[in-house]
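The structure under discussion appears below in the form of structure tokens.
To find a chain, count down the sequence lines: A is the first, B the second, and so on, and within it residues start at 1. Source: prediction; values computed, not measured.
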Protein chains: 2
Amino acid sequence: MVEATGGGDTCCPGLLTAPLDEEQAVDLARVFKALGDPVRLRLLSMIASKAGGEVCVCDLTPAFDLSQPTISHHLKLLRQAGLIDCERRGTWVYYRLLPETTDRLAGLLTRPAGTPLPDRRVRAGAVS
Amino acid sequence: MVEATGGGDTCCPGLLTAPLDEEQAVDLARVFKALGDPVRLRLLSMIASKAGGEVCVCDLTPAFDLSQPTISHHLKLLRQAGLIDCERRGTWVYYRLLPETTDRLAGLLTRPAGTPLPDRRVRAGAVS
DNA sequence: ATGTTGCATCGACGGACATCAATACAACCG
DNA sequence: CGGTTGTATTGATGTCCGTCGATGCAACAT
């Protein structure tokens, strides 16, 4: 499940151009929350940067000082967020990136070309 | 503290092209964690999408069913993540987006142009 | 069948986090 | 000066989350 709001799409408007309504915010927060952990970020980058597009769990687990159940738990969260998918092949399970989701995030964080850098006027009141 | 990118830079390599080392992961996770809450996402989008580039706290608070200290707390987390900045002008405090940070995130999530969509072939067991 | 290996789920525990009421601080106004 | 309004901080509380050991399930091997 998770699958962006059935029909809400939220394709382009962008996080930075119009206020999010609460439903969109809840949905998006789930994905960002999945990225809000160092272990999951490293897992994602290991999966995404792998040449063949796939990584076996048995190659991921030994890269961390964590128990196997913990890694499995993090992979589950990344999968539930729609960031990765997995496929069992014989004894082994292979994970791969779902680029549509990272593409969507990148789009949401990219401001439309025209947006001017906010006048950057005084930096005076820098709160210590 | 926190102070986005103390000295770690992590400028370009991209989350999806090479495995993150742990220090980079910890640093990045702090930012994504700040985005991993619906209230903070809505606050950020309200601030970022505001015409003048600035929003007064007094315009943000009434948009939520939350206490004023709670909103203030969320704004503090967004600021510590380097996503927004604030400036006091008279009685009021104005928040504005720090676009460098969202730009950095968008860049990290954007795959280098050449990256082929992982052959998407069959969704079944199809394997060599 | 029995054993073995790879991965997922379960139950528990400690620390982190979102929230609030109360309070403190800052700037204005009489 | 004291009073009022806007915002931040403090302290407490309930819930969520990361982690583990133990266990379960799937796919091979013998």
**Request:** Take atom CZ of B/Arg88 and atom C1' of D/dT5, then tell me their distance rounded to the nearest Å.
**Result:** 11 Å
**Prompt:** Whole-Å distance between D/dT9 C1' and B/Ile71 CD1?
**Reply:** 16 Å
**Prompt:** Reckon B/Leu66 touches a base, only the sugar-phosphate, or nothing at all at heavy-atom distances under 4.0 Å?
**Reply:** sugar-phosphate
**Results of side-chain hydrogen bond (donor to acceptor under 3.5 Å, both in side chains) for A/Thr91 - residues two or more places apart only** = none
**Rounded interatomic separation in angstrom, taking NE2 from A/His73 and C1' from D/dG24** = 18 Å
**Request:** Kindly say if A/Thr70 contacts the phosphate of D/dT19, meaning a side-chain N or O under 4.0 Å from OP1 or OP2.
**Result:** no
**Prompt:** Distance-only, no hydrogens or angles: does the B/Thr61 side chain make a donor-acceptor pair with backbone N or O of B/Cys58 under 3.5 Å?
**Reply:** no
**A/Ile84 CD1 - C/dC7 P separation (whole Å)** = 13 Å
**Message:** I want to verify a distance call: between C/dT19, D/dG6, C/dT9, whose nearest atom is closest to the A/Ser72 side chain?
**Reply:** C/dT9
**Asked** Given that A/Gln68 and B/Thr91 both sit by DNA chain D, which one's nearest nucleotide is further toward the 5' end?
**Response** B/Thr91
**Request:** Report yes or no: does A/Arg40 contribute a side-chain atom to a donor-acceptor pair with the main-chain N or O of A/Ala34 at less than 3.5 Å?
**Result:** yes
**Prompt:** Please give, in whole Å, the distance from D/dC16 C1' to A/Arg30 CZ?
**Reply:** 15 Å
**Item:** Given DNA chain C, 5'-ward residue of the pair B/Pro69 and B/Leu77, judged by closest heavy atom
**Value:** B/Leu77
**Prompt:** Counting just side-chain N and O atoms, does B/Lys33 come under 4.0 Å of either OP1 or OP2 of D/dC17?
**Reply:** no
**Message:** If the cut-off is 4.0 Å, is A/Tyr94 near the phosphate of C/dG6, judged by side-chain N/O to OP1 or OP2?
**Reply:** no
**Message:** Please report the distance, rounded to the nearest Å, between CG in A/Leu35 and C1' in D/dC17.
**Reply:** 16 Å
**Message:** Expressed as a whole number of angstroms, how long is the span from A/Arg89:CZ to D/dC28:C1'?
**Reply:** 16 Å
**Asked** Hey, is the side chain of A/Arg40 poking within less than 4.0 Å of OP1 or OP2 on D/dG18, counting only N and O atoms?
**Response** yes
**Message:** Nearest to the B/Trp92 side chain among D/dT7, D/dG18, C/dA27, which nucleotide is it?
**Reply:** D/dT7
**Request:** Mind checking B/His74 for me? I need base, sugar-phosphate or nothing, with any heavy atom below 4.0 Å counting as a touch.
**Result:** sugar-phosphate
**Message:** Would A/Arg42 and A/Phe64 count as a cation-pi pair here, with the cationic atom under 6.0 angstrom from the ring centre and within 45° of the axis?
**Reply:** yes
**Prompt:** For B/Glu87 and C/dA27, what is the distance between atoms CD and C1' respectively, to the nearest whole Å?
**Reply:** 15 Å
**Message:** Against the six-membered ring of B/Tyr94, is B/Arg89 placed for a cation-pi contact (under 6.0 Å from the centre, within 45° of the normal)?
**Reply:** yes
